[in-house]
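A quick note: this is a predicted structure, and the numbers were derived from the prediction, not measured.
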Amino acid sequence: MATRNLGRNRVRTALAALGVLIGVFAIASLGIFGNVLALSAEAELGGIGDQVIVTPNQDAGSNALTVRDVDAIARATGSDGTAVALRSDNGLITASGGQTFGQVYATETPGVLFTAAAGTIPDRHRQGAIVGAEIADELSLEVGSAIEVAGARYRVIAVLESEEMISPVSPNNAVVLPESAIGGRTYDQVVVQADSGAAATAIADRVRAQLNAREERVSVFELSSLLETINEFFSLLNRFLLGIAGISLVVAGVSIFNVMLMSTNERKQEIGVLRAVGIHKADVLRVLLAEAALLGVVGGFFGAILAGVAAIGLVFVSPIGFDVVFVASNGLYLLGAFVFGVFICLISGAYPAYKAATLRPVDALRG
Amino acid sequence: MNGTDSPRAVVELARAKDTAIALESVTKQYETGGVTVEALAGVDLAVETGEFLSIIGPSGSGKSTMLNLLGLLDVPTSGTVRLQGRDVTELGDRERTRARKESIGFVFQDFYLLPTLTAVENVTVPTMFDRDRDATNRAVELLSRVGLADRTDHTPNELSGGQKQRVAIARSLINEPRIVLADEPTGNLDQDTGATILEEFRRICDDGVSVIAVTHDELVTEYADRTVELIDGVIDRVG
């Protein structure tokens with residue numbers, strides 16, 4: 001019955017359904033896009049948030065971190081993470097496949113910061129070189145190859161994974177050597193790998209409090225608080241996008257309201273006849289609401305499908321992986337937009353339906 | 001029949017068993033633009049079972065109001081409406097809807113068929129929301145009774161005016177009512193078609209159903225058992 005009534009004015013019905021479709025599509029796709037944006041940003045920026053970089057404060061005339069400083073930082077870190085002291089330099093790296101300039105790090109415990117793609121990173125790094133993915137690629141190095149850094153020869157014991165996240169200590173173009181490879185008793189920086197972003201913030205606060213109590217001896221660099229701000233920004237952006245989409249659905253709702261109002265007005269006499277021949281108010285109401293719901297379900301369904309297709313299309317036109325598109329929260333946006341669409345339809349169908357059903361049969365018949 | 005139609009006689013008749021529907025000193029007033037219009041000013045009327053009554057009168061005389069009251073579509077300002085001896089004046093919307101469905105069939109001047117439905121579906125409209133009841137067989141039977149056996153699957157725009165009105169008559173009979181109310185049933189039909197419709201009404205009356213027709217059409221009065229004329233809200237003449 002409801003289907004046939006909708007079939008009576010196909011163009012108007014199609015326009016109303018199109019309105020819902022666009023509204024649902026807008027909500028679902030903008031929601032998903034925002035979500036994808038936030039998720040991929042999180043994936044890219046995730047690394048920074050967990051790290052605290054402590055460097056000597058050159059403005060205060062300190063050029064290096066002493067062993068005492070490193071110990072103090074390690075104590076401040078406590079059980080929230082692991083502090084890794086690094087000496088760093090730039091150097092010419094030579095191998096049989098050629099030579100290149102690269103970052104040279106010297107540390108005893110590289111395993112905390114880096115992950116090996118081939119070979120193993122020892123708990124205590126005493127001999128051999130660990131090379132970053134780009135250098136390994138450039139000089140065609142693999143585990144067992146020989147390289148020469150600043151006049152000393154090393155055997156490659158591990159090749160690192162290519163790191164895509166933005167990180168203050170980027171291993172891609174670096175060679176990690178044992179601590180003794182770069183001379184001296186001081187360190188250039190301490191990288192604290194914290195267990196979480198919140199732990200990183202806490203560690204940074206403690207390092208500042210303990211080492212900079214009397215003078216600014218070290219600069220502490222941590223991005224977890226910045227990351228929080230970034231996340232907040234993305235959730236704001238997301239809500240903003242949803243707001244815009246919501247407006248379009250409200251517009252669709254108004255058009256459905258109009259369609260329902262016009263079609264019930266047009267059929268006033270018919271409704272009067274239905275009431276006269278003994279059909280109850282509730283049944284009239286039900287038919288009219290079924291029409292509205294049908295509009296919502298059809299429009300919403302195709303809107304959600306279109307939004308899903310658009311989200312998948314996003315993978316092909318932008319550097320975004322399927323992993324951030326096929327997540328439960330995106331499905332939730334689709335479902336949510338669909339439900340919201342049907343809901344809007346019911347709401348805007350309810351008043352005209354109620355009005356028509358409760359009209360006195362006499363008035364309805366009079367037209 | 002009841003030639004004098006004195007109030008007392010009507011009241012007695014209204015309570016009698018073979019009275020289909022009756023109005024007892026019914027008045028109806030409308031408020032329009034601050035002015036009270038008295039559409040019916042104390043009307044007594046009793047319609048017997050199987051009687052064909054026609055109501056005539058100039059426009060504005062209260063004919064439609066009377067039909068609405070008889071059809072339980074409206075409530076009187078004062079007075080009593082009795083349906084088969086039962087006082088239905090004070091019924092609520094649900095009960096009145098049910099009473100309409102059980103006892104009263106409607107035929108309108110403009111037919112008011114649903115354009116999306118076929119003839120047989122239109123006939124079953126009053127039973128549309130009855131669960132566990134398929135009135136299709138009865139609808140087909142009614143359609144063949146009004147001579148439309150070969151038009152059951154046509155939609156209203158494929159039917160002529162007379163055919164549409166016959167579908168409407170079949171629809172009014174689907175619930176086996178005691179009373180059929182017709183508002184200008186021949187108003188949109190030519191003379192010959194109108195005559196076939198009126199013959200249809202006569203046959204309905206022979207089956208024990210009362211037919212009350214509001215009309216301008218002289219032809220209707222020829223077929224009716226009794227004609228009352230309404231002028232300015234009162235029954236003026238009984239023919």
Side chain, backbone, both or neither: which part of A:R275 has a non-hydrogen atom closer than 4.5 Å to chain B?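 Answer is both: backbone and side chain atoms of A:R275 are under 4.5 Å from chain B.
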Do the charged groups of B:R203 and B:E200 touch, with an N to O distance under 4.0 Å?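 Answer for the salt bridge query: yes.
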What's the verdict on side-chain hydrogen bond (donor to acceptor under 3.5 Å, both in side chains) for B:T77 and B:T27, showing C-alpha distance, side-chain angles and the deciding distance? CA-CA 6 Å; B:T77 311; B:T27 65; 4.8 Å; no
For B:R96, which atoms come within 4.5 Å of any heavy atom of chain A: side chain, backbone, both, or neither?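 Contact with chain A: none, neither part.
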B:V228 and its side chain to side chain contact (heavy atoms under 4.5 Å, CB included) partner, picked from B:I212, B:I56, B:I55: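 Running side chain to side chain contact (heavy atoms under 4.5 Å, CB included) over B:I212, B:I56, B:I55 with B:V228 returns exactly one hit, B:I55.
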Verify, without hydrogens or angle tests, whether B:D74 (side chain) and B:L69 (backbone) share a donor-acceptor contact under 3.5 angstrom.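 No, the answer is negative, given that no donor and acceptor are paired below the 3.5 Å cut-off.
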Can you tell which of B:T65, B:L113, B:D93 has the highest number of heavy-atom pairs within less than 4.5 Å of chain A?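 Top option by heavy-atom pairs under 4.5 Å: B:D93.
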